Student: 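One structure, pasted below without further comment.
Whatever order the structure lists ligands and atoms in, that order sets their numbers, starting from 1. Predicted model only: the values in this text are computed from it and were never measured.
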Amino acid sequence: MSQPDRRRAIPRTDDLLADPRLSAAAGAIGAPRVRQVVRAAQQLARDGLIEPGEVADHAVRELPNRANTLRPVLNATGVVLHTNLGRAALSAAAVDALTAASGYVDVEYDVRTGRRAARGRGALQALRAALPEAGDAMIVNNGAAALVLATTALAADAEVLLSRGEMVEIGAGFRLPDLIAATGARIREVGTTNRTNLADYSDALDTRTGCILKVYPSNFAVTGFTAAVAVGELARLGVPLIVDVGSGQLRPDPLLPDEPDIATALHDGATLVTASGDKLLGGPQAGLVLGDAATIERLRHHPLARALRVDKLTLAAFEATLTGPATPTATYLHADPDVLARRAALLAERVGGLVVTSAGAVGGGGAPGVELPGWAVALPEAYADALRLGEPCVVARVERGRTVVDLRCIPPDEDVSLAEAIQAAARTLDG
Ligand SMILES: *Cc1c(COP(=O)(O)O)cnc(C)c1O
């Protein structure tokens with residue numbers, strides 16, 4: 001076909017959109033997105049990369065499944081809380097709860113009386129039941145919001161005592177001292193980078209002190225000649241104490257002996273404990289504030305509370321995370337290495353590659369230095385790109401010139417689609 005003929009033969013946009021497969025897709029994911037896919041297919045035909053007669057079929061193949069661009073990923077990195085992959089994977093119970101809450105829902109309404117009711121009361125009840133040590137609890141948008149609210153309420157226009165060993169950057173560009181400063185509180189640094197003693201705090205205490213803040217530096221560990229002051233000792237200094245435990249671990253876990261937990265911090269006398277909902281707690285993005293009931297009542301009435309409040313979907317997923325079965329986070333964290341080894345052997349049998357040991361990690365800025373013993377299938381390095389670009393999208397680890405497919409964070413019922421994804425990647429690499 002000559003170039004002008006080819007161009008004339010390319011179906012027009014309106015004709016393509018009338019194709020029943022494409023018009024059905026427009027009903028499901030929206031006309032603009034379908035039009036985009038159609039235009040891209042027409043362009044391929046104009047460029048001579050596909051035949052004019054293939055435009056409709058090509059567009060149908062390229063249709064996205066959903067009206068949004070977030071792509072589900074099989075996490076083959078072995079990192080349980082991968083921040084770039086959305087931290088905690090929700091449990092089936094949490095997914096069900098948030099789907100059910102997606103329409104109209106009694107989030108702030110009592111169906112028995114027909115009157116307004118306390119917002120998110122079910123989630124708060126579940127949180128109080130999970131941590132009866134706490135006088136009261138509050139759920140906000142994320143860990144950073146929890147910390148902002150707690151500091152604002154206890155130290156606006158006052159000083160926050162913070163150890164120099166805890167002046168940390170938590171994630172890309174998020175520096176804790178900057179966040180505190182943004183609340184109007186002034187940070188008073190105490191101690192040194194490696195050592196801070198009780199006297200460093202007590203010497204700095206005066207009438208300007210609003211509170212003491214203790215932050216668990218969750219993404220690094222200082223080793224060697226170090227000292228820090230325990231929560232219990234700080235609590236006895238007679239000023240409000242905020243403890244930011246970060247990961248949201250509810251109680252001690254023998255697997256992570258150095259990871260701080262909310263129950264212990266409350267037991268040791270923290271006025272307020274703050275934490276994230278989507279790290280070790282395994283829920284949706286949320287921030288928790290727990291502790292002294294009178295202080296939390298003040299937080300609840302602070303104007304900022306309204307700006308930091310969570311939506312019905314978060315409340316639904318969070319409650320189900322607490323009351324439902326073990327979260328994927330807990331399951332992956334505690335995965336039995338022998339089971340992972342058997343799954344890796346089965347996968348290697350299906351797709352080739354080498355069964356290798358693989359150290360998993362907690363991730364998400366938690367339990368730095370902890371290596372979780374696990375197993376993986378090692379493939380040639382080129383697989384990593386092909387796996388990411390495939391469907392389903394698989395994100396693996398590239399290590400010493402190999403692609404390492406770690407099974408820790410793959411739901412076992414996805415093992416077959418993982419194998420198929422690897423086989424498809426092999427075909428693209430061969431082709
Ligand atoms: C992760 C973390 C935060 C921030 O929590 P987000 O939920 O990400 O806002 C604050 N403090 C500590 C110690 C953390 O580990």
Side-chain angles (χ1 to χ4, degrees), residues 79-90 123 127 137-152 154 160 162-183 185 187 196 211-222 228 231 234 241-250 253 256 258-262 264-266 270 272-291 299 304-305 307-311 313-315 317-318 321 327 329 333 361-370:
V79 179
V80 179
L81 300 167
H82 198 301
T83 301
N84 300 148
L85 300 182
R87 288 197 185 152
L90 294 182
L127 186 54
M138 202 173 160
I139 305 169
V140 291
N141 203 33
N142 56 19
L147 193 55
V148 162
L149 188 60
T151 334
T152 306
L154 290 178
V160 178
L162 178 63
S163 163
R164 290 197 170 88
E166 297 169 10
M167 309 271 298
V168 297
E169 174 168 325
I170 279 153
F174 169 37
R175 293 190 167 162
L176 208 111
D178 297 344
L179 187 74
I180 305 294
T183 68
I187 292 181
T196 302
C211 67
I212 296 174
L213 170 61
K214 183 169 179 66
V215 178
Y216 280 96
S218 46
N219 49 10
F220 69 98
V222 182
V231 171
L234 293 177
L241 170 64
I242 302 172
V243 178
D244 176 11
V245 300
S247 77
Q249 179 81 33
L250 295 180
D253 179 348
L256 308 172
D258 297 325
E259 195 61 22
D261 65 277
I262 300 174
T264 303
L266 288 169
L272 295 177
V273 178
T274 65
S276 291
D278 56 352
K279 293 182 181 171
L280 287 172
L281 196 143
Q285 179 189 303
L288 314 181
V289 189
L290 296 115
L299 264 51
L304 258 185
L308 305 178
R309 84 173 191 188
V310 287
D311 75 324
L313 302 180
T314 300
L315 290 166
F318 185 78
T321 298
T327 61
T329 299
L333 205 59
V362 174
V370 170

Student: With heavy-atom distances below 4.0 Å as the criterion, list the atoms of ligand 1 near A144.
Tutor: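 Close to A144: 4 (C), 5 (O), 6 (P), 9 (O).
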Student: Can you list the ligand 1 atoms lying under 4.0 Å from a non-hydrogen atom of S276?
Tutor: 1 (C), 5 (O), 6 (P), 7 (O)
Student: Can you list the residues that meet the side chain to side chain contact (heavy atoms under 4.5 Å, CB included) rule with R175, with sequence neighbours excluded?
Tutor: E169, P177, D178
Student: Kindly compute the distance separating CD1 (I212) from CG (L154), expressed to the nearest 0.5 Å.
Tutor: 11.5 Å
Student: Should T314 and Q285 count as side-chain neighbours, where that means a heavy-atom distance under 4.5 Å?
Tutor: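 Answer no - side chains too far apart.
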Student: Could you pull out all residues at least two apart from D278 that satisfy salt bridge (Lys or Arg N to Asp or Glu O under 4.0 Å)?
Tutor: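 Listed in chain order: R87.
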Student: What distance do T264 atom OG1 and E259 atom CD have between them, rounded to the nearest 0.5 Å?
Tutor: 11.5 Å
Student: Mark up the atoms of ligand 1 that fall under 4.0 Å of a heavy atom belonging to G143, in ascending order.
Tutor: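 Taking each heavy atom of G143 in turn, ligand 1 has 5 (O), 6 (P), 7 (O), 9 (O) under 4.0 Å.
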Student: Short N/O distance, under 3.5 Å, between D244 and ligand 1?
Tutor: yes
Student: Does the N or O separation between K279 and ligand 1 drop below 3.5 Å for any pair?
Tutor: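 Yes, there is a polar N/O contact under 3.5 Å.
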Student: Looking at every heavy atom in both L149 and A305, which two are closest together, and how far apart are they?
Tutor: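 In terms of heavy atoms, the two residues are closest at CD1-N, 4.1 Å.
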Student: Can you name the atoms of ligand 1, numbered from 1 with element, that are less than 4.0 Å from a heavy atom of Y216?
Tutor: 13 (C)
Student: Using a 3.5 Å cut-off on N or O atoms only, is R87 in polar contact with ligand 1?
Tutor: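 Yes; at least one N/O pair falls below 3.5 Å.
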